[in-house]
Amino acid sequence: MYWPIGAPRIYAASDQRTPNDHVLESGDGADTQQFKDPNNANDFGTADGAEGSGVDIRNQGNSNRMEREQVDHKNSHLEESLGSGLNGRGSQSSETNASASIVGLRVSRNGLMFATITTTILTIWQTRPTAVLASVVRSQHSLRTYGLNISLLLRPDSAIFVVQTSLGYLITYSLATDPNSRVYIPHMEGSHSNGPRHRSASGSRSHGGGERIYWGAGEDGGVREVSVRFKMVIKVDAGIERALALDEELVVATEKPAAVQCIRWTPDSNGNQTSTELLSRMGWMSKKVTVLDMIHDRPMNLSTWITSDGKAYAVQRLLGAPQDTDDPKKLFKGYCFHSPENEGECATKAAINARFSLIAIGCTDGTILVYNVRDYAGNIPLSYKLKPSVSLSSSGRINALSYSPDGYCLFAGFEKGWITWSVYGKPGGTSFASDRHTSESNGEEWLNGICAANWLGGGSEILLVAQNDDRLWLLEMARSAVAGCFSAANISRSLLQTNSGFMVYRGYDQPDLTTISAESSLWHHVQVPPAYLVNQWPIRQAVVSPDGRYIAVAGRRGLAHYSVNSGRWKTFVNENMENEFVVRGGMCWYQHILIAAVESGDHCELRLYSRELSLDNSLLLHTEKLPSPVVLTALSGEDSLLVYTYDNILYHYIITATSKAVKLVQVGQIAFHGIVRAPARVRAVSWILPDEHLQDGDPSQDVAVASVIFLVDGKLVLLQPSTTNGGELKYDMRVISHNVEYYTLMRDQSSQDGSLKRNEQLLSPDADSSIDDMHQGHGLRDSLWIFDGNGMRVWVDVQDILRSGPTEMVKDLPPSVLVPTDFYPLSILLDKGVVLGIESDLVQRRDLHYAHFKFSLRTHLFLPHLLRYHLSQYNHPAALHLSHHYQDLLYFPHALEVLLHDVLDEEADKPTSPETALLPGVLSFLSSFPQYLDILVQCTRKTEMRSWRTLFAYLPPPEELFEESLQRGLLKTAGGYLLILHTFQELGSSSPQLVRLLSRAKEEEDWELCKELARFLTALDDTGTTLREALELVELRSSQEGLASSSFIFQGARLDVPRAGNGNGIGLGIASGEDGSSTRSGSRSSTSVGETIYCPKATTTSAHTQLLGILRVPPLVIKMDDFNSETDSDYTSYWRDWFISSRGNEYFCEIDEEYLTDRFNLTGLNTEVQYYQYALDLVTDVFDLDCDDDMREQIEKSARHLYGLVHARYIVTTRGLAKMLEKYKKGDFGKCPRVMCEQNPLLPMGLSDNSGVKAVKLYCSKCEDLYNPKSSRHASIDGAYFGTSFHNILFQVYPAMIPQKSQRRYEPKIYGFKVHAAAALQRWQDTKKEEMKERLKKMKVEPGFDDDEEDGEREDDDIEAEEDGTAMN
């Protein structure tokens, strides 16, 4: 649910230009040390103490003593002011490297501050504006005494920083801040920073007519002033394995002995400050191990420890009086939930997700195991596994593992890249797709490996630290608004949040083909007003109205809303009113009314704001007081509002709207005490009312009959009402599904749309009184959709789930329908029959020195899966009913084709008995539609021929289907059945059908089909006799005297009485090989060049002119060569024909139409080609844009570029290699100009796979050298259109085409005597060659040379003799 966007911002953690006289060093108390009584030790929290305390942990775990270490901190009080860089750098006397790599990163709990360390420097940063607040550089004496920095700890309140050193010390620093003091405040001459804000603004960043200048998001407060003090040094003699900073104490895992030391920040009431427990005394832990890593999650009050044996433990701290009186020193209790079965499963990293009760464990083999924490008693089973898309050698070990603050995204940083997953395992952004060499050359180390990562801005950004790098990379993330505000409207309208704005999908009301296109224009981009964003960043919640007209956002405090139609924002006029409350508990739209759950001081309220009025507390439409904070709000049905609170009560309100007022009226409530254990973990709530109650029931009785659905801890839970023997209401609980990221009830979406129209009629009597009936009787109106990380799961009717319980709890849940997607689904476009989603792409371009992320729209048809489900249940009426609602979609026939294709492939691979086969039922279902014949033909064209037998085992003979197609006037469909006839039968039985089809095509002036049939006949008989006879039979040519004998196909055949002949078979677009096998036509006929067919005068009509125009030949003369083509498509596109036949494009082969229309083959090209979609339409001959000449020229240029890029991919396929091989054999690319190569054919190749770098070159396989094309037209072709690997792949596939290497070479002579220098070089070359051949012979490797020196010398003598003879003559 998170996707990286754009390029990261970069911040340098060092500045070598800092003047040395501004450097301050900290000795960390290493100069003077004096130990005193530990009873007089100051606590950690003292900000102004000059003395600190040290802890000396001896080898005995039970003998700990406190020692005071008196230090001189004369120069350790650093009050840093920010100029343009980092103050406090290491001096020349220090051996600190100013560009040292960052080795540690920590972020404060509130996200306003973070800290980094190198081996010598501690740097404290402010998040917004991102700037250095303070820096501590350790002196050389401190480094020698305590060791280098290796790790960093930060107390959650960011008051104390702890640096772990390599020699087993913990150096602590305290941080003091003044909330009113600033060292840098944004100011600009003439700006009025304290002026009033305008109450409304447009979508642009200019506000108030230029009266006020707003800075970046969250930057209005400037840079705060801080004071850093050295506090104390803690000495740990037992050695530090890992340390963990908590709110109350510092937890240290030691090495020898293996123990866990708890050091309180302040002494307890008894004056004690430390406590220790040996690992050997923890009965729940393995023996002879040490703790290598520790993490803690405050909301769950749970820690995870990873031990040296690769196990992972869930651990809790025992506070107060020990529960086990036999062991008063017991500090922890825990359970082992991960025990590796092999070395690859040993745990190395861990992350805790409190929102979904998950623990992720990173293993040594790169796998991530995710466990579900069901309770604190050790019930932590494995939920699922995650594996990166690359091997361990390509990813390296896991260095960082972190969940986003809302728990919806998991970030994993590896040694050689990183990847993100959604909470239940759908892959998101990744850097493994990057080109490592390009990344290294551009200095983008964030793509090549991560050592630390932390989330900022509530998940809107992630801070990355690359390996061996001194820079911070701040990458912006886009996320679904469902993550911050679970709302049915946010799911149905696809709202995405960014760091400073949002994007809303607006393709719902567009034409069908526009909706499913990947055009970026379908996203409506909006920036949040700087007036609001500058103080209230980050944006925590966003919600869109069900009709997509309004959007509301809420940041740290206050809210703002936006109209999509007018493009105008509304914010609070009074900033005090904005800061007076915080939105907590969600928001939702009811028509133009915004309902927000807010907390103002100690009060919890529901507030109703009108979009038509200004944002002002005095203009509130309604305020509803609540006794406890709100967890979430949700609209249900037409006018119901559900409010779930932290006291575990679900309130039911009715929204009463009139022309004058809108109010909330509470009509019921349900207490779920004892049913829902943790209200804070509830992510969403809905309820389902019986249909009869919706129509005639009393709203006050809804709570008694409603079935409630909760989404809690990733489980979708159904609570159904029933009554006890005493007549009391109770709820029976049932888990519908696990690992649910989100769900949606379609009845909520349809009812909200209907309520909008009905209430608009109420408020506007002149409006159309009809209610939207799109969903009336819709087969999916009551469907329930969930996303579980793998794909969408659908229950076609939620009533089936309700009927399966509670009275019949033994009955299994009805089966769900899986709609698999290879992208993250955002929304279900019910009216369009598709699932809408996005996927993230990493873009690296040759003309940019940085990489950036972008995401593209994806769609997937869900209709075939649902139809297959109904048919598998033998419920044909339900399938027909569902199809009835989608039959008007332009791509409905394609959906039916996908259904047939999937079932056919499955049953062809796994044959089943006719009694259990699904294919007959699918064919019977498809026969109900007029597109039935087309669907069959299209399916056969896209499946292997071995599957045709399976398909036609349940179909009438192809002849009958051909006849039916002709009767319906489906000529192209009939042409497709000729292909099937050719495959199944002999030629003679199908030739009459060919003649009849050609005649019908002529009569109906379908010249494209005539052209295809002519091409087929030419491929069948390259002499042209067959084509001439066919054209004569349909009266497309005149008889000629002296015509050769009739062909074997049409012997005696005439249109009126067609007769079968003998032969090898024919079919549309199919040629017969010598062995009788079927192959597609792919070569031109050289023997037919120059033969001419003279058309009779009867055909010299306008229709005939159209045919000639299609064939692109002079009027009345059609040459046989014009019927030949390299395409295998049944319906060839004009643009590709023109492109291939254009002068200068002889190096290109024609790309199959199926290859061009397959989206997978075009992956990534939309970023390389301007006007990509228009160019693709032009190449595939569906371009219909009415544009001017300049625009057309640009699109033409883009189309040529697109064709070239696709060509580079196509020619390394089996089909492409075969076509290029034919051109190579014919020498279409030229011959080698080297005399000794004896006219060896050349092959085109590129020196770079990136376009615009190098022009095409010609490769000779004999001399293995490169040459420039002779023609300037060819020399201007981009080498990327052929790629750097094509020529090598061709010879790997066709090794017989590799020629013998040339042994002959020119010897320079003067009057017949060899030139000494050249002769010496040649002798040296011959010696090296002989040595190489000897080594190859010893290795039993064939050298591949035809080396006969005597023959070579004899040939040289012959050449010399010929030269002498020529000279004498």
Side-chain angles (χ1 to χ4, degrees), residues 1-2 293-306 311-316 334-340 345 347-363 366-388 398 400-413 418-428 453-455 458-459 462 479-480 482-484 486 676-684 710-717 735-743 786-790 824:
M1 200 165 283
Y2 278 69
D293 195 13
M294 298 185 296
I295 62 171
H296 179 77
D297 186 78
R298 183 168 173 257
M300 290 187 68
N301 189 26
L302 186 70
S303 297
T304 299
W305 294 0
I306 295 177
K311 294 183 178 180
Y313 297 82
V315 182
Q316 281 189 296
Y335 307 92
C336 178
F337 65 90
H338 171 75
S339 182
E345 292 186 357
T348 58
K349 290 292 179 180
I352 300 177
N353 187 340
R355 303 300 293 271
F356 289 88
S357 300
L358 301 173
I359 301 179
I361 299 297
C363 304
T367 303
I368 300 175
L369 306 179
V370 182
Y371 293 84
N372 184 14
V373 184
R374 295 181 177 176
D375 53 41
Y376 291 99
N379 187 10
I380 309 177
L382 178 66
S383 179
Y384 59 94
K385 296 182 179 181
L386 299 174
K387 295 194 70 174
I398 299 176
L401 209 58
S402 177
Y403 277 103
S404 61
D406 55 29
Y408 274 97
C409 181
L410 174 64
F411 178 90
W418 54 265
I419 189 172
T420 62
W421 286 279
S422 68
V423 60
Y424 287 116
K426 178 61 72 173
N454 281 94
W455 295 87
I462 187 167
R479 60 174 177 167
S480 172
V482 177
F486 198 106
V676 180
R677 183 177 58 188
R681 295 184 184 176
V682 175
R683 303 294 295 152
F710 279 103
L711 179 58
V712 52
D713 281 349
K715 295 187 289 290
L716 195 63
V717 180
V735 177
I736 299 177
S737 182
H738 294 273
N739 297 355
V740 179
E741 296 195 18
Y742 68 85
Y743 76 94
I786 69 167
F787 177 64
D788 61 1
N790 295 317
Y824 192 96

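This chain uses plain numbering: 1 for the first residue, then up along the sequence. Just so it is clear, the structure is predicted and the values come from calculations on it, not from any experiment.
- The backbone N or O of Gly459 lies less than 3.5 Å from no partner atom in the side chain of Ser404, so there is not a single donor-acceptor pair.
- Nearest heavy-atom pair, Lys311 versus Ala347, reported as atom, atom and distance to 0.1 Å: O-CB, 4.4 Å.
- With Thr348 contributing its side chain and Gly362 its backbone, the two residues share a donor-acceptor pair below 3.5 Å.
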When you look at Val717 and Ile736, which way does the side chain to side chain contact (heavy atoms under 4.5 Å, CB included) test go after all the steps? CA-CA 6 Å; Val717 180; Ile736 299 177; over 6 Å; no
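- By the 4.5 Å heavy-atom criterion applied to side chains, Pro381 and Arg374 are counted as neighbours.
- Side-chain rings of Trp421 and Tyr384 stay apart, their centers remaining 6.0 Å or farther from each other.
- Across all their heavy atoms, Ser357 and Arg681 have their closest contact at OG-NH1, 2.9 Å.
- His338 places no side-chain N or O within 3.5 Å of a backbone atom of Ala360 that could act as its donor or acceptor partner.
- Among residues two or more places apart in sequence or in another chain, the side chain to side chain donor-acceptor pair (under 3.5 Å) test is passed with Tyr743 by Ser686.
- For the atom pair Ile368 CD1 and Lys387 NZ, the distance stands at 11.5 Å (nearest 0.5 Å).
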Step by step, work out the side chain to side chain contact (heavy atoms under 4.5 Å, CB included) result for Leu302 and Gln316. CA-CA 5 Å; Leu302 186 70; Gln316 281 189 296; 3.9 Å; yes
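- From Arg298, atom CZ reaches atom CD1 of Ile352 across 14.0 Å, with rounding to the nearest 0.5 Å.
- Counting all heavy atoms, side chain and backbone alike, Pro388 lies closest to Gly366 at CD-O, 3.3 Å.
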Using side chain to side chain contact (heavy atoms under 4.5 Å, CB included), reason through Thr367 and Glu345 one step at a time and then give a plain yes or no. CA-CA 8 Å; Thr367 303; Glu345 292 186 357; over 6 Å; no
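- A distance-only check finds a donor-acceptor pair linking the side chain of Arg683 to the backbone of Ala483 [under 3.5 Å].
- In this structure, Leu386 and Ile419 have side chains that are not in contact, with every pair of non-hydrogen atoms separated by 4.5 Å or more.
- For the atom pair CD1 of Ile361 and CD1 of Ile398, the computed distance is 10.0 Å after rounding to the nearest 0.5 Å.
- Proximity of Phe411 to Trp455: side-chain heavy atoms (C-beta onward) are separated by under 4.5 Å at one or more points.
- With contacts defined as side-chain heavy-atom distances shorter than 4.5 Å, the pair Thr420/Tyr2 does not qualify.
- A distance of 6.5 Å separates CG of Leu716 from CD1 of Ile786, quoted to the nearest 0.5 Å.
- With contacts defined as side-chain heavy-atom distances shorter than 4.5 Å, the pair Thr304/Phe337 qualifies.
- Pairing each heavy atom of Ser303 with each of His296, the nearest pair is OG-ND1, 2.7 Å.
- Contact record, Ile462 with Ala453: CD1-CB, 4.3 Å, taken as the closest heavy-atom pair.
- Residues Arg479 and Asp406 meet the side-chain proximity criterion, which asks for heavy atoms closer than 4.5 Å.
- For the pair Asp713/Phe356, no side-chain contact is recorded, criterion being any heavy-atom separation below 4.5 Å from C-beta on.
- Remark: aromatic rings of Tyr335 and Tyr376 are distant, center separation not under 6.0 Å.
- The OG atom of Ser737 sits 11.5 Å away from atom CZ of Phe787, with the distance rounded to the nearest 0.5 Å.
- Between Tyr824 and Tyr742, the two ring planes are tilted [angle within 30° to 60°].
- Two residues are said to be in side-chain contact when any heavy atoms from C-beta on lie closer than 4.5 Å; Val682 and Leu711 fail this criterion.
- Between Gly789 and Glu741 the shortest heavy-atom distance is CA-OE2, 3.9 Å.
- Here the CG-NZ distance, from Asp788 to Lys426, works out to 9.0 Å after rounding to the nearest 0.5 Å.
- More than 12 non-hydrogen atoms from other residues, nucleotides or ligands lie less than 6.0 angstrom from NZ of Lys715.
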